[in-house]
Amino acid sequence: MLHIHNSLTKQKELFTSIVPGKVKLYVCGMTVYDFCHVGHARVMVVFDVVTRYLKASGYEVNYIRNITDIDDKIIARANERNETIQKLTERFVSEMHQDADALGALRPDAEPKATESIAVMLVMIETLISKGLAYNAVNGDVYFDVSEFPNYGKLSGRNIEELRAGERVAVNEAKNDPMDFVLWKAAKPGEPAWESPWGKGRPGWHIECSAMSAHCLGEHFDIHGGGMDLQFPHHENEIAQSEGAHGCQSVNYWMHNGFVRIDDEKMSKSLGNFFTVREVLKQYQAEVVRYFILTSQYRSPLNYSDEQLEQAKNSLTKFYSALRDAKADESIIWQNNEEYGSRFKAAMDDDFNTALALSVMADVRQALNKVSEQGDLEQQGYLAGLLHSFGDVLGLFQQDTEAFFDSIKGDDVEIIKALIAARNKARDDKDWAKADQVRDELKAKGVVLEDAAGKTSWRRK
RNA sequence: GGCUGCGUGGCAGAGUGGUCAUGCAGCGGAUUGCAAAUCCGUUAACGCCGGUUCGAUUCCGACCGCAGCCUCCA
């Protein structure tokens, strides 16, 4: 039985979908004005695993992840670059897809864009005004009236008084209350704008998610995810908008993933301490990055460092080594395995505990190595198939093993093969000095050899 | 200042009121021409101080330290 930590109640709760057998999932996606960094990679990978596991558990999943393609930063960046907003955002949408695909994140079922959803937002804002939850201010903006929504703060555990006390933003004179937030921004000269009942303008950030989630999934859906930093104010405001407009609970389970950190500090665009996915992928294979992300439970902080990535690489390499010479039985389904399958299920059912799930897989790997050593081909095929079946849930072992070992750019494979052949000739001649010399030469090229009975295999270090 | 959360062995990271996490690294052995990989064995931890308990790393309280949110951020 799947249990999910619900940010709304701060507890692990038994997961029950609204419609039996179906899960409606919405995740806050990227604002597209720059390359994705490792923090974004974590969101993509975490919710990819969530959808994969829900599917493996028998659910039909409708996974929506939005794209924010209009906001202050996008406008600023486009101006800086002397590029149209559309060109800029289209470019980074495509870059984002490239990163997500590389990381093995399956595409969401839909990726609605803010600029293509203005109409549904306008309808929602009008509803909020007609219900007395929003007002058109003197400056032309439309604000949500926080004082009219009694549950404000229920997600982030705050109350309006505390927030006012900690208020750090310059007070906007047009607002009735500093905590009110903008639904519609009146157009400023030179900015992109859409027609609305309140004059030309553009949407505030929060309204897009309320409008698009309801539009794609309905007013009441199962899971809403995103990074921890979105909990307040973004998701708090979404709740106010959605529940205010629709008069019903909008989301049953809120899931928030922890941050990626560097030197114990949050990786973020504003701190400038981020690595883009693109940069990291030059150094490490995508599955290594994915493995690294899955080594910790999704709510824990994840420290980014070369040492961590190296560890992930070593661990993943061991899995591929174990799989290398085994002929996996593709028909194996992990759910049918009592010994390991039940442990894997228990781990994943416990709020997607991928770290624990990986430890179960490490046990399978060891068992696989043992039967390989014993030459038990049937068990070997079974356990390799089992490992692949687990891997499919986590999005690991998706590559051909030889491709994995050869995937870091380096010398031509033919040269390596020729050297190995030369060394094996020397070994046959018991010319150990020559054999070792060739091996050292290969080692200098970053190629590690493994002699097995009658066969020498190699991998790049 | 307010509100969240965290503190586990050299590193990473699960978990538990009283016998095993796991991975990487280390050490000993098997294997190997020597290695590598693999297998077997093995060392080592639960921030600090109190309390509850027969017994606490695990529950409760204080303290210290760290992080996040309160402003754009996944």
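These numbers come from the heavy atoms of this one structure, side chains and all, not from hydrogens, waters or symmetry mates. Sequence lines set the chain letters: A, B, ... in the order given, protein chains first and strands last, and positions in each chain run from 1.
Under the side chain to side chain contact (heavy atoms under 4.5 Å, CB included) criterion, Thr317(A) pairs with Lys313(A), Ser321(A), Phe404(A), Phe405(A), Arg459(A), sequence neighbours left out.
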Q) Could you write out RNA chain B as a dot-bracket string, with dots for unpaired bases, | for bases paired across to another strand, and Watson-Crick or G-U pairs counted at under 3.5 Å? A) (((((((..(((.....[...))).(((((.......)))))....(.(((..]....))).))))))))....
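The base of C72(B) lies close enough to the side chain of Lys73(A) for a donor and an acceptor atom to sit less than 3.5 Å apart. With hydrogens and angles left out, the side chain of Glu373(A) and the base of C39(B) share no donor-acceptor pair within 3.5 Å. Side-chain to base pairing of Arg439(A) with A35(B): one donor and one acceptor N or O lie within less than 3.5 Å of each other.
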Tabulate below the donor-acceptor pairs under 3.5 Å that side-chain atoms of residues 364-372 of chain A make, not counting sequence neighbours, or state none.
from, atom 1, to, atom 2, distance (Å)
Ser372(A), OG, Leu368(A), O, 2.9
Ser372(A), OG, Gln380(A), NE2, 2.8

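The stretch residues 289-297 of chain A touches RNA chain B through Thr295(A), Ser296(A), Gln297(A), each having a heavy atom within less than 4.0 Å of the strand. For RNA chain B, the residues of residues 421-437 of chain A within the heavy-atom distance limit of 4.0 Å (strictly under) are Arg423(A), Arg427(A), Trp432(A), Asp436(A), sorted by number.
For Phe181(A) and His206(A), the ring centers sit closer than 6.0 Å to each other. Between His256(A) and His235(A), a ring centre-to-centre spacing shorter than 6.0 Å is recorded.
Donor-acceptor pairing under 3.5 Å is lacking for the side chains of Arg278(A) and Thr276(A).
Tyr33(A) does not carry Lys73(A) over the face of its six-membered ring by the limits of under 6.0 Å from the centre and within 45° of the normal.
Atoms CE and SG, on Met96(A) and Cys36(A) in that order, are 6.5 Å from each other to the nearest 0.5 Å.
At the heavy-atom level, Glu310(A) lies nowhere under 4.0 Å from the strands shown.
Checked against His37(A) for a ring pair (Phe, Tyr, Trp, His ring centres under 6.0 Å), the options Phe275(A), Tyr304(A), Phe274(A) give a single hit: Phe274(A).
Distance noted for atom P between C20(B) and U31(B): 32 Å (whole Å).
In this structure, Asn303(A) atom CG and C6(B) atom C1' are separated by 13 Å, rounded to whole Å. If you take CG of Asp325(A) and C1' of U38(B), they are 12 Å apart, rounded to a whole angstrom. If you take CG of Asn237(A) and C1' of C72(B), they are 13 Å apart, rounded to a whole angstrom.
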Contact list (N/O, under 3.5 angstrom) for nucleotides 67-69 of chain B vs protein:
from, atom 1, to, atom 2, distance (Å)
A67(B), O2', Arg261(A), NH2, 3.4
G68(B), OP1, Lys266(A), N, 3.2
C69(B), OP1, Lys266(A), NZ, 2.7
C69(B), O2', Arg158(A), NH2, 3.0

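The phosphate of A37(B) has neither OP1 nor OP2 within less than 4.0 Å of any side-chain N or O from Trp458(A).
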